[in-house]
Amino acid sequence: MQAAVHVVSIDPQGSTIWWANRLSDLPFDFSQEHQTPENLAILKDSGAQVHVVANQKGGVGKTTVTLNLAAVVADVLKGASTLRHVFIDTPGSLQDENLLLEALKYAHDVIVPMPPEPLAFDPTARTIEQVIQPTGIPYRVLINNWDPRDGQVDLEDTRAYIDAQGWPSLKSVIRRYKVHSRASAEGKVVTQYEENKPSFKAREDFYRLAIELRYGGAA
Ligand SMILES: Nc1ncnc2c1ncn2[C@@H]1O[C@H](COP(=O)(O)OP(=O)(O)O)[C@@H](O)[C@H]1O
Ligand SMILES: [Mg+2]
């Protein structure tokens, strides 16, 4: 049966390559296409919505967001028999900009993960202003990896920066939980986390995000 959700990595250094070998029980289909990005052209006729997750800064959470959002949407759409959503995880480097541009040819929208750290601001601005905005594709910035124990200041500063740039952003925030980094070492996605409080909160963030994005259908 055709899965409702497909994840594509076009990151040559993709930790998703590593993930794919580990995930025994993926809730979505997965393929690695950095060597054959022209395969993405198939997406054009698939009728699925194509979401590109992009930021040319490494380590901002592109892979984490791609896999976990895809897992949650797959969970909401389980039972659907046609492909509905494709998520493309992209490289976090300037050298591979051609791969990102190829993915953007097929994108319906773009999610730009960004941590609440000033060091990430300039590289994120470059990706948005030089690569995403010129395409005219709708995009939204997603704050990822905010640690609530650090207090609200980082979050507020980051929101103020995003608003000052005039960038559209998502209300949902993905908080920092150790379980995310631990899970990536174990090859697990958020729908497969153990039942305990931090896992519940970590999972909740991605369900809330999926609802805000309306990827599982209107609320
Ligand atoms: N919300 C989060 N909570 C905890 N760890 C996170 C979170 N987001 C990302 N990480 C960790 O940060 C590192 C970089 O994330 P990753 O998704 O690989 O970034 P990218 O794909 O942009 O390079 C990984 O070790 C990942 O587990
Ligand atoms: Mg990555």
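In each ligand, atom 1 is the first atom listed, and ligand 1 is the first ligand listed. Along the sequence shown, residues are numbered consecutively beginning with 1.
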Does Arg175 have a heavy atom less than 4.0 Å from any atom of ligand 1?
yes
Salt bridge Lys105-Glu102, side-chain N to carboxylate O under 4.0 Å:
yes
Backbone or side-chain N/O/S of Thr63 under 2.8 Å of the Mg ion (ligand 2):
yes
Which of the atoms in ligand 1, numbered in the order shown and given with their element, are less than 4.0 Å from a heavy-atom of Ser184?
27 (O)
Which ligand 1 atoms does Ile174 reach within 4.0 Å, using its non-hydrogen atoms?
1 (N)
With a 3.5 Å distance limit and no angle check, can you tell me whether Asp96 reaches the backbone of Asp11 through a side-chain donor-acceptor pair?
no
Out of Asn55, Asp11, Thr64, the nearest non-hydrogen contact to atom 17 (O) of ligand 1 is supplied by Thr64
Show the atoms of ligand 1 that are less than 4.0 angstrom away from any heavy atom in Val60.
19 (O), 20 (P), 22 (O)
Is there a donor-acceptor pair under 3.5 Å between the side chain of His51 and the backbone N or O of Asp109?
no
Closer than 4.0 angstrom, basic N to acidic O: yes or no for Arg203 and Glu195?
yes
Rounded distance [0.5 Å steps], OG1 in Thr191 versus OH in Tyr207:
6.0 Å
Is Asp89 in polar range of ligand 1, meaning some N or O pair under 3.5 Å apart?
no
List every atom of ligand 1 that sits less than 4.0 Å from any heavy atom of Asn144, numbering the atoms from 1 in the order shown and giving each element.
1 (N), 2 (C), 8 (N), 9 (C)
Quick one: do Leu101 and Val131 satisfy side chain to side chain contact (heavy atoms under 4.5 Å, CB included)? Show the steps, please.
CA-CA 8 Å; Leu101 288 169; Val131 182; 3.9 Å; yes
Side chain to side chain donor-acceptor pair (under 3.5 Å) pairs touching residues 126-138, sequence neighbours excluded, are Gln56-Arg126, Gln56-Thr127, Glu97-Arg126, Gln133-Tyr139
Report yes or no: does Gly58 have a heavy atom closer than 4.0 Å to ligand 1?
yes
Indicate yes or no for a side-chain donor-acceptor contact from Lys62 to the backbone of Asn55 under 3.5 Å, with no hydrogens or angles considered.
yes
Is the shortest N/O to N/O distance between Lys57 and ligand 1 below 3.5 Å?
no
Sub-4.0 Å atoms of ligand 1 with respect to non-hydrogen atoms of Tyr177
3 (N), 4 (C)
